[in-house]
Amino acid sequence: MTLRPSDTSTPVRGADEGDAPDPDDRAATDAPTADAERVGWSDDRADPVRAPAGSARATADADRPSDRVDATPAEGWSRPIEPDRFLLAVAVDGEVLFAGPSVPNVVGVERDGLVGSDLLARVHPSDREPVADALSAVATSRTVTHRIRRASGGYAWVESVVDEELAPEFGGRIVTVRRVDADRTFPERYRAFLEYGSDLVTVVDGDGLVVYESPSVEEMLGYEQGSTVGRSPLGYVHPDDRERVTERFYRALTDPDAAPTLEYRYRTADGDWVWLESRTRSLPADSPVGELLINSRDVSERKERERRLTDRNERLDRFASIVSHDLRNPLSVIRGSIEMARLRGETEPLDRGERAVDRIDQLVSELLTLARQGTGMDEPTEFDLASVARDAWETAAEGDDAGLVVARDARMYGDRGRMRQALENLFRNATEHGVPDDGNDDLTVLVTATDGGFLVADDGTGIDPDHRESVFDSGFTTRADGTGYGLDIVREVVESHGWRVELRAPPDDPIGLPDGRRLRPPDGACFEVCAPGPAGAEPDEPWIDA
């Protein structure tokens with residue numbers, strides 16, 4: 001029968017990995033003395049069995065300096081736990097029969113969780129064979145350096161020393177496990193610099209797997225140091241960047257002269273993404289550390305500044321285009337009014353020109369705000385759909401062979417100035433593109449609230465089906481003298497409110513009005529703005545209440 005000592009039957013309370021006081025001190029402990037005498041506690045390392053003379057274990061023990069603490073029974077002697085090593089009792093087939101108290105410090109697993117499990121299943125697949133040979137006495141050397149999986153999923157490098165003789169009381173071999181991550185990477189005097197450095201230093205082996213990451217991985221990415229050991233760093237790269245990074249990563253592994261610098265997104269422990277700038281360098285062929293050294297730093301703030309600068313430049317470009325487009329119509333009004341006044345010898349037409357000048361001044365102020373601050377709202381207020389539609393008609397289409405009909409009104413909460421700008425562009429689009437070529441028919445433009453927002457429709461020639469998918473594209477136009485920014489401005493204004501604008505197809509079903517009636521739009525172009533009501537909008541968010 002195999003004896004499996006439990007944690008509570010560990011021969012000494014508070015000792016490291018089965019350490020016990022001297023035989024003369026046993027009376028001062030809580031553990032049964034019979035177990036201690038049967039196992040036969042050894043020297044200052046106090047292993048559960050004494051290594052046979054001449055064994056590798058005995059030789060290693062003899063080389064270790066003694067750290068015994070002389071104490072009297074009354075002092076409750078116990079040896080401090082060493083966080084970088086632990087003891088195991090392991091069966092020949094790899095089953096863990098006993099685990100020492102320091103197991104959680106190295107592996108991150110509680111002792112109870114390790115006892116009864118397969119030690120070989122926790123060893124890295126590439127290192128599993130030499131560990132199995134050492135346990136089954138096939139190998140000549142009983143000292144194996146290998147990787148062992150931690151609770152976090154990463155691997156830690158350890159050195160395991162397996163006793164040659166079976167411990168009858170445990171039914172297996174005693175294994176002393178010592179963590180050697182630092183020993184396998186950098187000498188102590190160099191490792192101290194890495195611990196204080198802010199950049200992340202990563203070393204990978206010839207297979208592209210991480211063998212070391214500096215302590216800054218915790219602050220920069222949130223991963224526990226060592227948790228990514230044994231894994232490929234490519235698995236943490238953003239999918240959109242992975243192909244590009246993978247190609248250059250393996251080129252650096254195979255070409256010692258390659259030293260690429262990469263910028264890419266990397267997943268943090270919290271699941272977020274940060275931008276890293278990584279410089280790679282091949283290590284010497286005889287380096288005991290690894291194949292490739294990667295130095296990385298967080299450049300997320302720089303990338304954000306670059307993005308803001310790009311957005312600002314795009315807004316300035318759009319500002320120039322919008323100004324040239326939206327000021328064209330008021331200037332035409334002024335020119336026509338002045339010519340009419342001169343011909344008639346009247347001053348009344350100049351009043352209309354004065355209103356257009358005021359509109360130009362307002363547009364310049366609003367568009368400068370747009371260029372400097374982006375596409376957000378400026379001082380949202382409550383206003384009526386009918387009033388803003390009539391104001392927009394006055395400067396955009398009044399005097400043309402067209403008429404405005406407002407069927408149903410609605411209360412709106414948003415940026416009135418920008419909404420007027422959007423309606424002006426919709427009206428201008430109708431009068432410029434909806435009037436038949438012969439010019440014999442007058443155009444009627446309808447504005448009405450619906451149960452989901454409002455629409456602007458006309459009874460003109462409509463929009464060519466081949467162009468329906470492109471009408472909102474910036475720069476798209478069917479006129480030789482057009483700029484193609486009108487409907488793009490409409491889309492931007494509507495989306496800045498968090499709403500949606502779409503072009504309805506002519507055969508669409510009738511549109512529901514707030515009073516319950518069903519309205520069939522005219523056969524021309526029909527644009528519908530969809531927005532939530534006050535109850536469906538977040539606090540301080542725009543809405544339309546019909």
Asks: Mind checking whether E95 and V90 have side chains closer than 4.5 Å, heavy atoms only?
Replies: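 They are not in side-chain contact.
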Asks: Is there a side-chain contact between L221 and Y236 in this structure, where contact means two heavy atoms from C-beta onward sitting under 4.5 Å apart?
Replies: no
Asks: For E110, look at atom CD and say whether over 12 heavy atoms of other residues, nucleotides or ligands are found less than 6.0 Å away.
Replies: no
Asks: Donor-acceptor pair, D298 side chain versus S300 backbone, under 3.5 Å?
Replies: yes
Asks: Run the side-chain contact (heavy atoms from CB on, under 4.5 Å) test against A531 and tell me which residues pass, sequence neighbours left out.
Replies: W499, I544
Asks: Using the side-chain contact (heavy atoms from CB on, under 4.5 Å) rule, take R418 and S496 through it: C-alpha gap first, then chi angles, then the decisive distance, then the call.
Replies: CA-CA 10 Å; R418 300 204 66 200; S496 72; 3.3 Å; yes
Asks: Mark yes or no for whether S214, through its side chain, and V201, through its backbone, hold a donor-acceptor pair below 3.5 Å.
Replies: yes
Asks: Of all the heavy-atom pairs spanning R85 and V106, show the shortest one and how long it is.
Replies: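 Reported closest heavy-atom pair: N-CG2, 3.9 Å.
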Asks: Under a 4.5 Å cut-off applied to non-hydrogen side-chain atoms, are L88 and L119 in contact?
Replies: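 Yes. Closest side-chain heavy atoms under 4.5 Å.
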Asks: Any side-chain to backbone donor/acceptor pair from T228 onto R231? Under 3.5 Å, distance only.
Replies: no
Asks: E502: which residues meet the side-chain contact (heavy atoms from CB on, under 4.5 Å) condition with it, sequence neighbours left out?
Replies: R500, E528, C530
Asks: How close do L503 and R468 get, counting heavy atoms only, and between which atoms?
Replies: CG-NH2, 3.4 Å
Asks: Listed by chain and number, what are the side-chain hydrogen bond (donor to acceptor under 3.5 Å, both in side chains) partners of S282, not counting sequence neighbours?
Replies: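 Result, side-chain hydrogen bond (donor to acceptor under 3.5 Å, both in side chains) vs S282: none returned.
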Asks: Taking atom CD as the centre, does E129 end up with more than 12 heavy-atom neighbours from other residues, nucleotides or ligands that are less than 6.0 angstrom away?
Replies: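 Not buried by this count: 12 neighbours or fewer within 6.0 Å.
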Asks: Taking all non-hydrogen atoms of both residues, which atom of L253 and which atom of D205 are closest, and how far apart?
Replies: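 The answer is CD2-O, 3.7 Å.
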Asks: With sequence neighbours excluded, tell me which residues meet side-chain hydrogen bond (donor to acceptor under 3.5 Å, both in side chains) with S232.
Replies: none
Asks: To the closest 0.5 Å, what do you measure between OG (S102) and CZ (R179)?
Replies: 13.0 Å
Asks: Quick check against the 3.5 Å criterion: does R173 have a side-chain atom that pairs as donor or acceptor with the backbone of E164?
Replies: yes
Asks: How long is the gap from CZ on R147 to CZ on R122, to the nearest 0.5 Å?
Replies: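 If I round to the nearest 0.5 Å, the distance is 15.5 Å.
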Asks: Measure across A537 and W543 and return the closest heavy-atom pair with its distance rounded to 0.1 Å.
Replies: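 Nearest pair, atom of A537 first, then W543: CB-CB, 4.1 Å.
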Asks: Please enumerate all residues that pass side-chain hydrogen bond (donor to acceptor under 3.5 Å, both in side chains) together with Y223, with sequence neighbours excluded.
Replies: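 Scan of Y223 (side-chain hydrogen bond (donor to acceptor under 3.5 Å, both in side chains), adjacent residues dropped) gives none.
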Asks: Would you please test R279 and I294 for side-chain contact (heavy atoms from CB on, under 4.5 Å) and show each step?
Replies: CA-CA 6 Å; R279 300 175 183 271; I294 306 173; over 6 Å; no
Asks: Are the side chains of P233 and F249 in touch, meaning some heavy atoms are under 4.5 Å apart?
Replies: yes
Asks: Which distance, rounded to the nearest 0.5 Å, do you find between the CG of D133 and the CZ of R142?
Replies: 10.0 Å
Asks: Quick one: side chains of residues 266-274, donor-acceptor pairs under 3.5 Å with protein atoms, not counting sequence neighbours, listed by atom name and distance.
Replies:
| unit_1 | atom_1 | unit_2 | atom_2 | d |
| --- | --- | --- | --- | --- |
| T268 | OG1 | D270 | N | 3.4 |
| T268 | OG1 | D272 | N | 3.2 |
| T268 | OG1 | D272 | O | 3.4 |

Asks: Would you please name every residue forming a salt bridge (Lys or Arg N to Asp or Glu O under 4.0 Å) with R305, sequence neighbours left out?
Replies: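 Not a single residue meets the salt bridge (Lys or Arg N to Asp or Glu O under 4.0 Å) criterion with R305.
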Asks: Which residues satisfy the salt bridge (Lys or Arg N to Asp or Glu O under 4.0 Å) test with E247, sequence neighbours excluded?
Replies: R251
Asks: Assess whether side-chain contact (heavy atoms from CB on, under 4.5 Å) is satisfied between D415 and H497, documenting all intermediate values.
Replies: CA-CA 8 Å; D415 190 326; H497 283 68; 3.7 Å; yes
Asks: Using every non-hydrogen atom in the two residues, find where V123 and H146 come nearest and quote the distance to one decimal.
Replies: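 Between these two residues, the closest heavy atoms are CG1-ND1, 3.9 Å.
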Asks: Using side-chain heavy atoms (C-beta onward) and a distance below 4.5 Å, is E541 in contact with Y413?
Replies: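 No, every pair of side-chain atoms sits at 4.5 Å or beyond.
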Asks: Applying side-chain hydrogen bond (donor to acceptor under 3.5 Å, both in side chains), name anything that partners R281, two or more places apart in sequence or on another chain.
Replies: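 With neighbours one apart ignored, the set is empty.
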Asks: Applying side-chain contact (heavy atoms from CB on, under 4.5 Å) to V245 and L234, what does each step give before you reach the verdict?
Replies: CA-CA 8 Å; V245 173; L234 298 174; 3.9 Å; yes
Asks: Can you see which heavy atom on V217 is nearest to which on Q225, and at what distance?
Replies: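 Closest approach of V217 to Q225: CG1-CA, 3.9 Å.
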Asks: Which distance, rounded to the nearest 0.5 Å, do you find between the CD of E495 and the CZ of F472?
Replies: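 One gets 9.0 Å once the value is rounded to the nearest 0.5 Å.
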Asks: List in chain and number order the residues that pass ring pair (Phe, Tyr, Trp, His ring centres under 6.0 Å) with H124, two or more places apart in sequence or in another chain; answer none if no residue qualifies.
Replies: Y155
Asks: Find out whether V229 and Y212 are in side-chain contact, i.e. whether some heavy atom of one side chain is under 4.5 Å from a heavy atom of the other.
Replies: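 A side-chain contact under 4.5 Å is absent here.
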Asks: Supply the atom-to-atom distance L293 CG to T280 OG1, rounded to the nearest 0.5 angstrom.
Replies: 9.0 Å
Asks: Could you check if a side-chain atom of L135 sits within less than 4.5 angstrom of a side-chain atom of L120, using non-hydrogen atoms only?
Replies: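 Yes, their side chains come closer than 4.5 Å.
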Asks: In the structure I gave you, are the side-chain heavy atoms of V175 and D163 within less than 4.5 Å of one another anywhere?
Replies: no
Asks: Does a salt bridge link R150 with E224, judged by any charged N lying under 4.0 Å from a carboxylate O?
Replies: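 Yes.
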Asks: Can you name the salt bridge (Lys or Arg N to Asp or Glu O under 4.0 Å) partners of R244, sequence neighbours left out?
Replies: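 Salt bridge (Lys or Arg N to Asp or Glu O under 4.0 Å) check on R244 returns D241.
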Asks: R242: what forms a salt bridge (Lys or Arg N to Asp or Glu O under 4.0 Å) with it, not counting sequence neighbours?
Replies: none
Asks: Rounded at 0.5 Å granularity, tell me how far OH in Y264 sits from CD in E277.
Replies: 10.0 Å
Asks: Between R297 and D199, is there a side-chain N and carboxylate O pair less than 4.0 Å apart?
Replies: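 A salt bridge is absent here (no side-chain N lies under 4.0 Å from a carboxylate O).
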